[in-house]
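Because only heavy atoms are used, hydrogens play no part in the values below, and waters and symmetry mates are left out as well, while side chains stay in. Counting convention: from 1, in listed order, for ligands and their atoms alike.
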Amino acid sequence: MKHGMIVAMNEDYSDYNTQLARFYPAHLDAVRQRHDHALDHAGASHAVIFSGSPRYVFLDDMAYAFKANAHFVSWAPLLKLPLSYIVYTPGEVPRLIYYQPRDYWHVVPGAPDGYWAGQFDIRIVHNIDEVAAHLPPDRERCILIGEINDPAHAFGIDRINPTTALNILHYGRGVKTDYEIACMRLSTQRAVLGHLAAVAAFRDGRAEFDIHRAYCEAVSLTDNELPYGNIIALNEHSAVLHYTDLDRQAPKQTLSFLIDAGAQVHGYAADITRTYAHKDARFAELIARMDELQLEVVRRVRAGVDYAALHIETHRLLGAVLVDAKLARGSAETLFETGVTAAFLPHGLGHLLGIQVHDVGGHMQGESGTIIDPPSGHPYLRLTRVLEENMTLTIEPGLYAIDMLLDNLRGSPAEDHILWDGVDWLRPFGGIRIEDNVRVLADGSENLTRDAFSAAA
Ligand code: GLY
Ligand code: MN
Ligand code: MN
């Protein structure tokens with residue numbers, strides 16, 4: 001490192017480092033074993049994992065925010081290290097080719113530091129061409145895992161993202177190590193700080209933009225460091241499932257607030273949603289009913305449960321809520337069969353959570369890549385696996401007034417089951433979603449989100 005160059009600090013992670021250090025060696029063992037298995041099936045000797053390259057706006061010299069390859073992050077919490085490589089050969093200490101350019105325009109990665117650093121044979125390179133000398137010479141025995149936009153970054157490795165290996169890695173990532181769960185407990189605690197600041201700003205009558213800023217300040221993350229774009233929705237905006245506009249003006253009358261906002265620690269995401277009523281007692285009562293429903297679904301989570309079946313059970317529970325809330329009439333079964341519940345709840349019950357918010361492997365039946373399709377009529381369900389101990393996932397039922405979907409039911413047998421006056425009442429409030437992050441246990445679950453809210457209270 002040249003004297004005087006500005007280098008990045010490892011964010012504000014010193015406290016996290018202390019908490020995570022003891023879990024990391026066992027995590028690394030699990031990652032190694034996964035790669036041993038993948039290499040074995042792919043018939044290769046070395047896995048080369050590329051962190052990724054910066055991407056530029058068309059005809060521009062502005063780069064998009066860098067997002068590291070999740071496979072790279074699964075080895076070490078190196079979120080801001082473009083053009084770097086991990087080289088893994090079974091039985092050998094993994095090598096980290098650490099790209100530290102000589103660049104006075106940008107902050108460059110600092111000296112490798114942290115609980116992870118001692119586990120790697122680190123080779124610092126200042127120029128991308130220097131990478132070649134640190135890669136295994138038998139390139140035909142390598143597989144490369146990562147997004148290669150410039151063929152020069154493959155350094156002659158032909159086997160890029162072979163399906164056999166990716167399937168094994170993706171399926172394996174569905175079950176988390178103690179280290180990963182510890183990261184997610186911390187990211188959940190971090191997100192809860194943001195949620196508390198945001199709801200205070202909502203109670204103050206602030207605009208969506210101000211609520212968002214209060215959130216970012218409390219979690220100490222920039223927009224680019226958040227695991228996904230915050231959904232900060234007042235009133236009818238809550239019915240837009242991925243609403244990410246941020247109104248600068250507060251509405252004339254505030255009725256409701258839906259916040260779906262997360263955080264990350266060492267690259268592991270939290271993904272939390274809460275909904276609040278401003279004053280309206282009927283809407284507050286409906287939120288309370290959805291909260292009971294959500295907790296009932298969480299109570300059903302345990303190893304061995306078929307998540308797709310749990311999604312369908314949720315729709316039957318929702319049918320009863322719709323009747324009690326005077327939004328629909330008929331039996332829960334009829335409301336499910338005629339598509340009424342799907343019109344009010346058009347997204348999946350949840351998804352695997354990890355380095356990726358919608359983590360990989362949610363539809364995989366096994367490591368060979370066989371897919372379990374979502375149930376018919378429920379195409380957006382992202383998790384169809386049978387639950388295993390230490391999977392980490394979301395449970396996020398919702399209920400919305402989405403005219404586009406409800407109007408589709410006019411002229412069908414569902415039309416008479418919808419209480420359109422009720423829909424007119426709900427519309428200005430938008431909708432409700434309650435989302436927790438849950439770790440599957442052999443005989444139940446750990447609710448990371450509820451635990452973090454209780455601890456913060
Ligand atoms: N925040 C995106 C989701 O809940 O899946
Ligand atoms: Mn989610
Ligand atoms: Mn969410």
> Is a side-chain donor or acceptor of Arg329 paired with a backbone partner of Asp416 at a separation under 3.5 angstrom?
yes

> Please work out which of the three classes, parallel, tilted or perpendicular, describes the rings of Phe120 and Trp116, given edges at 30° and 60°.
perpendicular

> Decide, yes or no, whether a salt bridge links Glu367 with Arg34 under the criterion of side-chain N to carboxylate O below 4.0 Å.
no

> In Å, rounded to the nearest 0.5 Å, how long is the span from CG of Asp36 to NE2 of His41?
11.5 Å

> Check the pair His237, Tyr243 against ring-ring contact (aromatic ring centres under 6.0 Å, His included), reporting the backbone distance first and the verdict last.
CA-CA 7 Å; His237 293 161; Tyr243 174 83; 4.4 Å; yes

> Just checking: His358, one of its N/O/S atoms, less than 2.8 Å away from the Mn ion (ligand 2), yes or no?
no

> Taking the Mn ion (ligand 3) as the center, what protein N, O or S atoms are found at less than 2.8 Å?
Asp260 OD1, Asp260 OD2, Asp271 OD1, Glu435 OE1

> How is the N/O/S atom of His351 that comes nearest to the Mn ion (ligand 2) named?
NE2

> Indicate the ring-plane relationship of Phe257 and Tyr276, choosing parallel, tilted or perpendicular according to the 30° and 60° boundaries.
parallel

> Which value, rounded to the nearest 0.5 Å, describes the distance between Leu349 atom CG and Ile312 atom CD1?
10.0 Å

> What do the steps show when you test Asp271 against Tyr228 for side chain to side chain donor-acceptor pair (under 3.5 Å), and what is the final call?
CA-CA 9 Å; Asp271 176 10; Tyr228 57 91; 2.9 Å; yes

> Determine the interplanar angle of the His266 and Tyr16 rings, folded into 0 to 90°, and report it as parallel if under 30°, tilted if 30 to 60°, perpendicular if over 60°.
perpendicular

> What does the N/O contact table under 3.5 Å look like for ligand 1?
{"unit_1": "ligand 1", "atom_1": "1 (N)", "unit_2": "Asp260", "atom_2": "OD1", "d": "3.2"}
{"unit_1": "ligand 1", "atom_1": "1 (N)", "unit_2": "Asp260", "atom_2": "OD2", "d": "3.1"}
{"unit_1": "ligand 1", "atom_1": "1 (N)", "unit_2": "Asp271", "atom_2": "OD1", "d": "3.1"}
{"unit_1": "ligand 1", "atom_1": "4 (O)", "unit_2": "Asp260", "atom_2": "OD2", "d": "3.3"}
{"unit_1": "ligand 1", "atom_1": "4 (O)", "unit_2": "Asp271", "atom_2": "OD1", "d": "3.3"}
{"unit_1": "ligand 1", "atom_1": "4 (O)", "unit_2": "Asp271", "atom_2": "OD2", "d": "3.1"}
{"unit_1": "ligand 1", "atom_1": "4 (O)", "unit_2": "Glu396", "atom_2": "OE1", "d": "3.0"}
{"unit_1": "ligand 1", "atom_1": "4 (O)", "unit_2": "Glu396", "atom_2": "OE2", "d": "3.4"}
{"unit_1": "ligand 1", "atom_1": "4 (O)", "unit_2": "Glu435", "atom_2": "OE1", "d": "3.3"}
{"unit_1": "ligand 1", "atom_1": "4 (O)", "unit_2": "Glu435", "atom_2": "OE2", "d": "3.2"}
{"unit_1": "ligand 1", "atom_1": "5 (O)", "unit_2": "His351", "atom_2": "NE2", "d": "3.1"}
{"unit_1": "ligand 1", "atom_1": "5 (O)", "unit_2": "His358", "atom_2": "NE2", "d": "2.7"}

> Against Phe50, only a single residue in Trp75, Tyr99, Tyr85, Phe72 fulfils ring pair (Phe, Tyr, Trp, His ring centres under 6.0 Å); can you say which?
Tyr85

